[in-house]
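Notes follow once the structure below has been shown.
Every number for a ligand or one of its atoms is a count from 1 in the order of the listing.
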Amino acid sequence: MDDLIIEGFTVAPGQRLKARVPALELADGTVVELPLILINGTKPGPRIYIGAGIHGDEVNGIALVTAALEQVDPAGLSGSIVCVPVQQPLALQADHRLPLAQFLKSPLDQVPADAWTCFPGDAQGNIAQVMAATLFRMITKCDVALDVHTPTRGGKYVPIAILPHHAMGEHAKRAEEMAHLLGTGWIVRSERGMYISDGILCVEATRAGVPCFTFEIGEGGRLDMDFVETGTQCVLNLLKGLGMIEGARLEPEVTHVMSDFAGIRATHGGILVTLVPLGARVTKGDLLCRILDVYGETVEEVTAPVDGLFVRATTLGTVSRGERVATLGVL
Ligand SMILES: [Zn+2]
């Protein structure tokens, strides 16, 4: 096995290193650093990039990738791991999806504000583009990649793997195989929407020859140890499936492969009461949620527009007209 060399750090076979990569400079001279966990195995195998926390309110992802890597013994590892547990530290500092302070100060300069949508990035660009370029440099030194998310604050997902567009060829096919190895039991293989747009981390990584998909789990802004435990198991499943660590994978009883998301939005403002448990199978016309006005009267009954699986709940107490109240995965 060779040394693992990333961003100027060298990790000998059988070693683990925690490091920090300078990424941005702020007005007061503070240097924003990306945390790195580098693990070099003792046997040949793939090099995997694992990223989390590119949105600052997605703490479950940070907790689960670090918990999974704690269980990896470098001496028993085949291949190597490059992990960035917080891919946008400025957003984490804001405890928000985006680095809010910089965005509010100069919104014109800071658009695009979401590094997740800016890949492959631009080293001469704004904060989001510089961050994406730095991350992409590390991603493209790896063979495969995993990008871990939690839905933004106010949302809760079942543990779900979301694939890049399958028309992207052999690397997208490999990403799909990896999503099955993750073993969440929930996979979305969509042909439209935000997750497969140009610029999204997993899309551009896959296009660059590094098969990658998005893994969403749990609720934004809250640490949920049940989800962390599930997600940890999934990351270990993937490492086992790739032949990087020993041990049997925990297979889900059933894997739902969905072809699309159906997002449902409120047509009235009010207090949101969700009536269906997350993960439930629903039939077109089933009552999903009720919206109450401030007098307690029902102003809207939200029903399933299609048959599907209730994969993403809104956990906000109130909604305005146009806000998302539920998302179904379409089978
Ligand atoms: Zn996210």
Side-chain angles (χ1 to χ4, degrees), residues 23 34-35 49-66 68 83-100 102-103 110-121 127-129 131-132 134-136 138-139 145-164 175 179 182 184 186-188 190 193-206 212-224 227-228 230-232 234-235 238 261 263 278 311-316 323-324 327 329:
L34 285 166
Y49 175 92
I50 302 175
I54 201 163
H55 298 130
D57 54 358
E58 301 186 353
V59 68
N60 286 310
I62 303 168
L64 75 90
V65 301
T66 52
C83 176
V84 184
V86 183
Q87 294 179 109
Q88 177 41 302
L90 269 183
L92 184 76
Q93 199 179 74
D95 197 5
H96 192 274
R97 183 177 181 85
L98 303 175
L100 266 197
Q102 289 70 27
F103 177 71
Q110 296 308 340
V111 169
D114 185 347
W116 180 56
T117 67
C118 293
F119 285 83
I127 283 175
Q129 292 163 325
M131 202 58 92
T134 306
L135 296 169
F136 204 66
M138 290 187 261
I139 292 168
L146 172 68
D147 186 26
V148 184
H149 289 247
T150 302
T152 199
R153 195 182 296 276
K156 188 195 270 188
Y157 258 122
V158 297
I160 191 167
I162 306 167
L163 302 175
L182 192 76
T184 66
W186 309 80
I187 296 176
V188 174
S190 178
M194 168 182 79
Y195 285 102
I196 61 161
S197 300
D198 290 348
I200 296 296
L201 190 158
C202 84
V203 173
E204 298 308 325
T206 302
C212 181
F213 62 93
T214 305
F215 174 29
E216 293 266 14
I217 180 167
E219 181 173 7
R222 279 171 211 253
L223 188 65
D224 181 324
F227 279 119
V228 169
T230 300
T232 300
C234 290
V235 172
L238 177 60
F261 288 113
L278 189 65
V311 294
R312 187 190 192 278
T314 294
T315 55
L316 297 169
E323 284 190 301
R324 186 162 28 163
T327 301

Self-check item: Non-neighbouring partners of R97 that pass salt bridge (Lys or Arg N to Asp or Glu O under 4.0 Å), sequence neighbours left out
Solution: E58, D114
Self-check item: Separation between NE2 of H149 and CG of L201, rounded to the nearest 0.5 Å
Solution: 6.5 Å
Exercise. For E216, check salt bridge (Lys or Arg N to Asp or Glu O under 4.0 Å) against everything at least two apart and list the hits.
Key: none
Self-check item: Spacing of CZ belonging to F119 relative to CE belonging to M131, to within rounding of 0.5 Å
Solution: 10.0 Å
Quiz item: Just by distance, with hydrogens left out, do T152 and D57 show a side-chain donor and acceptor under 3.5 Å apart?
Solution: yes
Exercise. Show all protein N/O/S atoms under 2.8 Å from the Zn ion (ligand 1), or state that there are none.
Key: H55 ND1, E58 OE1, E58 OE2, H149 ND1
Quiz item: Residues two or more places apart in sequence or in another chain: which of them pass side chain to side chain contact (heavy atoms under 4.5 Å, CB included) with A145?
Solution: Y49, I139, V210, C212
